[in-house]
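Reviewing the structure listed below.
In what follows, chains are A, B, ... by sequence order, proteins preceding strands, each numbered from 1. All values below were derived from every heavy atom in this structure, side-chain atoms included, with hydrogens, water molecules and symmetry-related copies excluded.
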Amino acid sequence: AQSVTQLGSHVSVSEGALVLLRCNYSSSVPPYLFWYVQYPNQGLQLLLKYTTGATLVKGINGFEAEFKKSETSFHLTKPSAHMSDAAEYFCAVSPASGGSYIPTFGRGTSLIVHP
Amino acid sequence: KAGVTQTPRYLIKTRGQQVTLSCSPISGHRSVSWYQQTPGQGLQFLFEYFSETQRNKGNFPGRFSGRQFSNSRSEMNVSTLELGDSALYLCASSLGGGGSYEQYFGPGTRLTVT
């Protein structure tokens with residue numbers, strides 16, 4: 001069984017400030033981890049993913065995330081927020097072994113960027 | 001490469017009717033998954049098809065069904081619509097084969113049941 005918890009349904013930052021979106025997971029087997037972004041009236045778009053190897057993963061649009069096994073976390077960060085980053089962000093986890101590999105998504109975090 | 005396309009984009013139906021939604025995956029992708037997205041429940045997995053076979057199924061009633069054609073295009077059908085079926089239905093395709101493959105999502109079909 002696996003689950004994903006995204007702390008904070010809304011996160012508000014000022015333009016130029018650090019963005020930190022939190023994601024914690026629970027999985028009975030080592031997971032693959034993903035961050036997706038959804039803009040209004042659009043589907044989800046992959047930002048980055050962790051499968052194996054380096055635990056600090058860089059994605060598109062200046063985002064990065066670090067896999068911390070001991071903390072079961074995969075937080076998403078960006079050094080400087082842009083207005084265009086305002087969107088809904090989803091963390092997802094898939095088991096790296098075992099039966100179903102269908103990803104489980106978190107409830108999402110809405111990022112609000114103030115000028 | 002063209003992305004995942006979904007038709008129609010918007011749909012209004014009446015309770016008791018049925019509806020069919022269509023999804024065309026990215027060329028070469030053999031796995032197609034369907035999700036229901038609502039403000040209250042978030043993203044919920046409906047089912048996944050791979051090479052015309054349903055490979056995984058979520059916890060939805062039998063009113064929700066789907067199929068996949070030999071060209072990997074997929075359709076989902078909802079019969080006897082209920083007000084609670086109002087949602088954004090998202091289709092996602094992937095190369096398939098395992099959980100390390102990311103999913104590519106279409107823009108969704110917004111279904112409103114009145």
Worksheet entry | Contact origin within B:Gln37 toward chain A - heavy atom pairs under 4.5 Å | side chain
Practice prompt. Answer yes or no: does atom CD1 of A:Ile112 have more than 12 heavy-atom neighbours from other residues, nucleotides or ligands under 6.0 Å?
Written response: yes
Fill in: Residue part contacting chain A, namely of B:Phe47, when any heavy atom lies under 4.5 Å
neither
Worksheet item: Just wondering, more than 12 heavy atoms not from B:Arg15 lying within 6.0 Å of its CZ?
Response: no
Fill in: Engaged part of A:Leu44 at the chain B interface, taking heavy atoms whose separation is under 4.5 Å
both
Worksheet entry | Proximal component of A:Phe90, with respect to chain B [non-hydrogen, under 4.5 Å] | side chain
Practice prompt. Select one option (side chain, backbone, both, neither) describing which atoms of A:Gln38 are under 4.5 Å from chain B's heavy atoms.
Written response: side chain
Worksheet item: Can you tell me how far OH of B:Tyr35 sits from CZ of A:Phe105, rounded to the nearest 0.5 angstrom?
Response: 4.5 Å
Response to the item:
The reported gap from OG1 in A:Thr51 to CD in B:Glu102 (rounded to nearest 0.5 angstrom) is 9.5 Å
Worksheet entry | chain A-proximal positions within residues 81-92 of chain B [heavy-atom distance under 4.5 Å] | B:Leu88, B:Leu90
Worksheet item: If you group Ile, Leu, Val, Met, Phe, Trp and Tyr by side-chain heavy-atom gaps below 4.5 Å, do A:Met83 and A:Leu47 land in one group?
Response: yes
Practice prompt. Can you see which heavy atom on A:Arg107 is nearest to which on B:Pro39, and at what distance?
Written response: NH2-O, 3.5 Å
Worksheet entry | Single-linkage hydrophobic cluster, 4.5 Å side-chain cutoff, A:Val13 and A:Leu21 together | yes
Discussion item. Atom CG of residue position B:Asn59 - does it have more than 12 heavy atoms of other residues, nucleotides or ligands inside 6.0 Å?
Written reply: no
Worksheet item: Looking at B:Gln41, B:Arg9, B:Gln103, B:Gln6, which makes the most heavy-atom pairs under 4.5 Å with chain A?
Response: B:Gln103
Worksheet entry | Same cluster (ILVMFWY, side-chain, under 4.5 Å), A:Tyr32 and B:Phe45 | yes
Discussion item. Distance check, rounded to the nearest 0.5 Å: A:Glu88 atom CD versus B:Leu43 atom CG?
Written reply: 9.5 Å
Worksheet item: Where on A:Tyr39 is there a heavy atom nearer than 4.5 Å to chain B: the side chain, the backbone, both, or neither?
Response: neither
Worksheet item: Hey, any chance A:Val37 and A:Phe34 share a hydrophobic cluster, counting ILVMFWY side chains that come within less than 4.5 Å of each other, even indirectly?
Response: no
Fill in: hydrophobic_cluster_shared for A:Val4 and A:Tyr36, side chain cutoff 4.5 Å
no
